[in-house]
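The sequence lines fix the lettering, A, B, ..., with proteins before strands; numbering per chain opens at 1. Because the structure is a prediction, the values reported are computed rather than measured.
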2 protein chains.
Amino acid sequence: MPAQRDSDIAYATLQDMIVDLRLPPSTFINESALASELGLGRVPVREALARLAKDRFVTIMPRRGTAVTPLTLPDVLDIFEARETIECGVAYIAAARASEEDLAALRTLVETVDRDRESTDYEQFLLDDHAVHVRLVHIVQNVLLQDAADRLLLHSLRFWRMHWKNRPPSKDAMLSHADLLSALESRDPSRAEAAMRDHLTTSRQLVQILF
Amino acid sequence: MPAQRDSDIAYATLQDMIVDLRLPPSTFINESALASELGLGRVPVREALARLAKDRFVTIMPRRGTAVTPLTLPDVLDIFEARETIECGVAYIAAARASEEDLAALRTLVETVDRDRESTDYEQFLLDDHAVHVRLVHIVQNVLLQDAADRLLLHSLRFWRMHWKNRPPSKDAMLSHADLLSALESRDPSRAEAAMRDHLTTSRQLVQILF
DNA sequence: CGTAAACAACTGATATACAAGATGTGTTCA
DNA sequence: TGAACACATCTTGTATATCAGTTGTTTACG
């Protein structure tokens with residue numbers, strides 16, 4: 001879905017604004033104001049909102065208005081559960097399907113994340129961690145799984161930014177992907193799946209403890 | 001996403017038309033003609049097409065036109081792979097989470113499917129089989145997984161209709177869900193997952209043999 | 001005779017304008 | 001003083017019109 005139409009520009013811009021919290025959860029959206037702010041017409045903005053609603057990034061209440069979807073605890077648990085379901089399967093498949101280039105790229109990314117863990121710049125950590133997961137999904141080369149996973153990863157990114165904004169993370173809240181990478185490099189699907197499951201359940205538990 | 005706006009009506013109608021092959025794969029879509037045929041304006045139809053494109057039911061080629069997405073063998077294999085990834089995880093979760101009402105409803109549906117297998121009305125079989133999978137996903141009560149799974153199930157339904165249209169199925173191509181149901185009723189997540197995996201890999205192999 | 005360039009027609013893409021529904025406020029009556 | 005009804009305003013939803021881009025065809029030139 002390459003951005004060439006105004007509608008695609010609006011979609012990409014709005015998604016960015018929602019995920020990086022420039023439009024925080026529960027923000028009400030005024031179509032006309034937003035359109036002139038983006039320098040676009042109302043029609044392409046509307047088309048973009050319709051698509052974002054399918055991703056559940058915004059919630060359209062017919063004849064009442066559109067709002068950035070709020071982020072409740074049940075929602076967050078759904079995100080984690082869905083990620084676990086899809087990404088564990090993805091890790092299993094990727095172990096068999098990854099090319100040497102994939103593994104090399106992944107190793108670089110994982111090392112970057114490990115450096116990020118030593119710093120206190122959690123924004124950079126989040127971005128690089130996100131990149132690892134996106135790359136992993138990319139390995140499978142299945143657009144349908146990719147669609148689903150990318151959406152979940154963005155929801156997840158939005159959540160962590162929100163979560164850490166007021167409660168900056170301790171160092172051990174920033175997890176490594178060393179086990180996962182090692183499993184992939186030894187082409188061990190079951191171990192890769194287990195590593196991913198461990199990775200996701202651990203981070204989920206870090207959230208649940210706080211609530 | 002309840003249908004009340006014209007845009008929702010257009011979305012639901014078009015999705016039906018695509019999945020039941022009234023609009024076969026690769027059909028080119030003329031917005032104006034379609035709008036007047038549906039008795040709607042062009043704008044809501046456009047919004048609906050934008051959403052259908054996100055589901056990959058139609059393919060928008062900017063400034064060139066919109067077509068119902070074709071159905072190639074690699075696409076079909078992606079559908080099966082994605083279904084296996086998601087639905088096996090769903091089956092695992094559902095085994096622990098299903099209520100007694102869920103199990104009762106599922107049992108009725110599975111028995112209906114088993115009756116369908118005795119007949120030659122593959123359309124009815126497809127609909128009831130679809131209903132079983134939809135119900136199973138519903139049990140998990142996770143809208144994100146539901147979004148992803150429902151989409152895949154519709155893609156799958158479209159494929160089977162296409163596939164069996166010219167090659168009507170033999171009786172053993174119509175699979176049962178007896179094993180899955182029995183695993184769910186004994187609350188055995190691993191067995192439920194295994195039953196689902198067996199179900200899906202078997203039907204995938206039935207396709208691959210023919211190509 | 002073949003190829004390339006220009007033109008015309010079609011169709012999608014966006015902007016402008018209009019209509020309808022919902023919400024909040026103000027006034028009036030109990 | 002409180003509650004209910006009506007009105008006004010705001011915002012979404014839809015239709016119509018205009019603009020721009022792509023494609024296919026035709027014509028002219030090599």
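A salt bridge between A:E100 and A:R187 is present, with a side-chain N of the basic residue lying under 4.0 Å from a carboxylate O of the acidic one. Ion pairing between a basic and an acidic side chain is recognised when a charged N comes within 4.0 Å of a carboxylate O; A:R197 and A:E87 show no such pairing. For the pair B:D147 and A:R56, the salt-bridge criterion is met [side-chain N within less than 4.0 Å of a carboxylate O].
Residues A:D129 and A:Y122 have side chains that never bring a donor and an acceptor to within less than 3.5 angstrom of each other. Between A:S170 and A:D172, the side chains place a donor N or O and an acceptor N or O closer than 3.5 Å (distance only, hydrogens not considered).
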Under 3.5 Å between N/O atoms: give me all the protein pairs with nucleotides 21-25 of chain C, atom names plus distance.
from: C:dT23; atom 1: OP1; to: A:R64; atom 2: NE; distance (Å): 3.0
from: C:dT23; atom 1: OP1; to: A:R64; atom 2: NH1; distance (Å): 3.3

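Using a 4.0 Å heavy-atom cutoff across all strands shown, A:T66 reaches no nucleic acid atom at all.
Computed from coordinates, the B:D6 CG to C:dA19 C1' distance equals 13 Å when rounded to whole Å. Atom-to-atom, CG of A:L49 to C1' of D:dT11 comes out at 13 Å; the value is rounded to the nearest Å. If you take CD1 of A:I9 and P of C:dA13, they are 13 Å apart, rounded to a whole angstrom. Between A:E47 atom CD and C:dA15 atom C1' there is a gap of 13 Å when expressed in whole angstrom units. Atom CZ in B:R42 sits roughly 10 Å away from atom C1' in C:dT14 (whole-Å rounding).
A close approach under 4.0 Å does not occur between any side-chain nitrogen or oxygen of B:R46 and OP1 or OP2 of C:dG12.
By the 6.0 Å and 45° rule, A:R204 does not stack over the aromatic ring of A:F80.
Distance CD/B:Q141 to CZ/B:R97: 8.0 Å, rounded to 0.5 Å.
Near DNA chain D, meaning a heavy atom under 4.0 Å from it, residues 24-41 of chain A has A:I29, A:N30, A:E31 in order of number.
Contact annotation: the side chain of A:D55 approaches that of A:Q15 to within less than 4.5 Å [non-hydrogen atoms, C-beta and beyond].
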